[in-house]
Amino acid sequence: MDSDQDRAPHKDNRTEKNRVVIFDTTLRDGEQCPGATMTFEEKLEVAELLDEMGVDVIEAGFPIASQGDFESVQEIARRAKNAVICGLSRAQFKDIDRCAEAIKAAPRGRIHTFIGTSPLHRKYQMGIEREKVLELVTASVTRARSYTDDVEWSAMDATRTEKDFLCACVEAAIKAGATTVNIPDTVGYATPEEFAALMRMVLERVPNSDKAVFSTHCHNDLGLAVANSLAGLGAGARQVECAINGLGERAGNAALEEIVMAIKTRGDVMPFWTGIDTTLLTRASKLVARVTAFPVQYNKAIVGRNAFAHESGIHQDGVLKHAETFEIMTPESVGLKESSLVMGKHSGRHAFREKLKDLGYELGDNALEDAFVRFKALADRKKHIYDEDIEALVDQEIASAHDRIKVVALTVIAGTGGPQKATITLDVDGRHHTHESTGDGPVDAIFKAIKAIVPHEARLPLYQVQAVTEGTDAQAEVSVRLEADGKTVTGRGSDTDTLVASARAYVSALNKLLARDARRKPETMLAS
Ligand code: KIV
Ligand code: ZN
């Protein structure tokens with residue numbers, strides 16, 4: 001199908017030497033960035049897809065950071081099928097021990113330990129001298145090796161570290177047993193030429209460099225993360241650390257989908273290959289965007305809504321005559337299917353079940369029945385139903401399956417007259433409660449009414465509305481982020497009525513906060 005555009009080395013020429021290890025850090029560096037917090041279940045869902053996609057190493061979290069992180073790394077380790085499951089730890093024994101415990105159940109587990117090596121990190125972050133750093137490198141890697149043969153060591157802020165000292169640290173890490181050495185551009189400061197030169201220098205100067213795989217970990221502060229990572233590969237690195245949709249601290253990490261497709265499409269100048277099933281890239285991007293409520297930029301390479309759209313007449317004409325005139329990759333190669341019109345209100349259960357299978361969902365009988373009822377209700381209100389509509393509907397069904405608070409009814413008075421008023425009925429643990437509130441706009445009135453029924457102190461750092469498809473009857477997908485007691489959750493709701501979707505999203509976020517302590521009563525759950 002896309003073999004004419006796949007220029008990665010032919011199967012016969014694929015060796016371990018030109019294979020690039022894909023190390024995904026969506027669940028660690030990605031999840032660490034403000035607002036991208038995922039729930040336990042969401043992390044498992046992402047990990048499962050990464051594993052299915054052929055990611056070699058999944059960095060599942062930072063086990064010492066919190067009990068939640070520990071438990072999610074542990075569960076991901078238990079469920080892993082093919083990928084190596086990795087946990088992050090500082091250069092401290094208590095971090096490493098906790099990390100080892102979390103990854104213990106993985107068929108193949110890795111401990112990733114790091115320390116800041118640059119003068120800035122040594123002086124201002126840790127207040128220690130070079131000798132102490134070297135000591136900690138040896139001690140931390142040795143400790144990690146006492147648990148597993150697969151140990152990665154990272155020189156945080158490597159690109160701003162004195163070259164001699166960086167080489168000394170790398171040599172010590174390998175001597176102590178590190179099997180992967182990561183050279184991060186932690187602050188996204190390097191240019192491709194500089195980064196390649198640094199990687200080449202370390203590989204050439206460190207006497208035992210042949211005993212470890214070298215890795216890139218490039219941040220995107222100057223928009224150079226992918227370019228720097230590819231330059232690192234050209235210089236001899238064979239592992240790339242990256243994240244779906246480029247998620248990560250600040251401006252993010254190198255985007256996995258861009259790295260993988262660049263290697264696949266330009267194998268003529270970058271003779272490498274990866275084990276990634278690229279047809280799952282679009283699904284992974286959508287999943288991560290959904291669970292984090294970080295929307296994907298429309299013109300983002302590979303997975304943006306416009307990445308394969310041809311608007312101008314000349315381009316459309318060219319693509320229709322011969323796709324390669326304006327397409328360097330096929331949409332199919334990244335798993336993009338044409339949005340298809342699905343059944344209308346006359347479609348039956350069987351067709352609905354088949355459609356769900358096509359979209360990658362497998363629901364139990366009860367969930368399927370509930371989703372079908374909602375599909376019928378939607379079909380009554382909306383003329384054309386697309387795949388995206390079904391996806392939004394089923395995602396909501398899955399997310400709300402165990403909710404203790406549910407939206408039963410909503411009436412809103414909005415418009416220029418003011419004040420806007422909302423009357424909402426919620427089902428809270430099986431009992432109905434109704435409240436009416438006025439507000440500064442209809443959404444404010446709805447949220448105040450919900451708060452009156454379920455009192456809480458949570459802050460609302462994000463309220464976001466997106467149309468699922470085109471047209472004035474499109475479903476709105478609303479994301480609401482709530483923050484309480486240092487915990488951030490994101491709820492989502494969809495409906496053809498934006499206000500109903502808003503109420504559902506807010507209630508979904510409350511349910512997630514409530515889920516952190518199942519014994520608490522909703523009325524008191526957030527009182528801190
Ligand atoms: O950016 C960085 O240096 C990191 C390390 C922990 C690898 O994320
Ligand atoms: Zn990082």
Side-chain angles (χ1 to χ4, degrees), residues 21-36 57-66 69 73 84-92 95-96 98-99 102-103 110-122 124-126 133 136-137 140-141 144 150-161 165-166 169-170 173 178-190 194-195 198-199 202 212-226 228-229 232 237 239-256 259 292 294:
V21 174
I22 298 294
F23 176 116
D24 179 278
T25 187
T26 309
L27 295 170
R28 200 277 299 167
D29 210 312
E31 212 253 348
Q32 204 170 298
C33 78
V57 186
I58 298 174
E59 188 165 49
F62 194 175
I64 195 83
S66 69
D69 248 43
V73 174
V84 171
I85 304 302
C86 172
L88 183 70
S89 56
R90 289 168 298 185
Q92 295 177 14
D95 280 40
I96 295 167
R98 188 84 173 134
C99 183
I103 61 157
R110 174 181 294 189
I111 297 177
H112 177 191
T113 179
F114 73 97
I115 190 165
T117 51
S118 70
L120 284 163
H121 283 235
R122 291 193 314 258
Y124 296 106
Q125 221 188 2
M126 299 177 291
V133 172
L136 288 168
V137 170
S140 57
V141 174
D150 190 344
V151 172
E152 172 167 338
W153 176 77
S154 282
M156 187 159 75
D157 207 16
T159 49
R160 295 189 300 172
T161 300
F165 183 60
L166 179 62
C169 289
V170 170
T179 45
T180 299
V181 167
N182 185 28
I183 306 292
D185 184 23
T186 303
V187 289
Y189 182 70
E194 268 178 331
F195 192 71
L198 180 70
M199 188 63 77
V202 177
V213 172
F214 278 70
S215 174
T216 68
H217 177 108
C218 297
H219 278 271
N220 205 30
D221 299 68
L222 293 173
L224 294 171
V226 169
N228 285 343
S229 308
Q239 173 179 287
V240 175
E241 301 196 359
C242 45
I244 300 289
N245 295 340
L247 211 63
E249 286 274 15
R250 306 181 308 281
N253 281 90
L256 180 147
I259 297 281
T292 56
F294 269 44

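One-based numbering, in listed order, for ligands and for the atoms of each.
- The side-chain heavy atoms of Tyr189 and Asp221, taken from C-beta on, include no pair separated by under 4.5 Å.
- Within the cation-pi definition used here (under 6.0 Å to the ring centroid, within 45° of the axis), Arg122 qualifies as a partner of Phe165.
- In this model, a donor atom of one side chain and an acceptor atom of the other lie less than 3.5 Å apart for Thr117 and Thr161.
- Listed by chain and number, Asp29 OD2, His217 NE2, His219 NE2 are the protein N/O/S atoms closer than 2.8 Å to the Zn ion (ligand 2), with waters left out.
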I'd like a table of the close N/O pairs between ligand 1 and the protein (anything under 3.5 Å), one pair per line with both atom names and the distance.
{"unit_1": "ligand 1", "atom_1": "1 (O)", "unit_2": "His217", "atom_2": "NE2", "d": "3.1"}
{"unit_1": "ligand 1", "atom_1": "1 (O)", "unit_2": "His219", "atom_2": "NE2", "d": "3.1"}
{"unit_1": "ligand 1", "atom_1": "3 (O)", "unit_2": "Thr186", "atom_2": "OG1", "d": "2.6"}
{"unit_1": "ligand 1", "atom_1": "8 (O)", "unit_2": "Arg28", "atom_2": "NH1", "d": "3.4"}
{"unit_1": "ligand 1", "atom_1": "8 (O)", "unit_2": "Arg28", "atom_2": "NH2", "d": "3.0"}
{"unit_1": "ligand 1", "atom_1": "8 (O)", "unit_2": "Asp29", "atom_2": "OD2", "d": "3.1"}
{"unit_1": "ligand 1", "atom_1": "8 (O)", "unit_2": "His217", "atom_2": "NE2", "d": "3.1"}

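- The two residues Glu241 and Ala254 have their closest heavy-atom pair at O-CB, 4.2 Å.
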With salt bridge (charged side-chain N to carboxylate O under 4.0 Å, His left out) as the criterion, how do Arg160 and Asp157 come out once you've worked through the C-alpha distance, each side chain's angles and the decisive distance to 0.1 Å?
CA-CA 6 Å; Arg160 295 189 300 172; Asp157 207 16; 3.0 Å; yes
Would you please test Thr25 and Glu59 for side-chain hydrogen bond (donor to acceptor under 3.5 Å, both in side chains) and show each step?
CA-CA 5 Å; Thr25 187; Glu59 188 165 49; 2.8 Å; yes
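- Between Val226 and the options Ile259, Val240, Asn220, a side-chain contact (heavy atoms from CB on, under 4.5 Å) holds for only Ile259.
- Across all non-hydrogen atoms, the minimal contact from Leu247 to Asn253 is O-OD1, 3.3 Å.
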His219/Asp185 under side chain to side chain contact (heavy atoms under 4.5 Å, CB included): CA gap, chis, key distance, verdict
CA-CA 6 Å; His219 278 271; Asp185 184 23; 5.9 Å; no
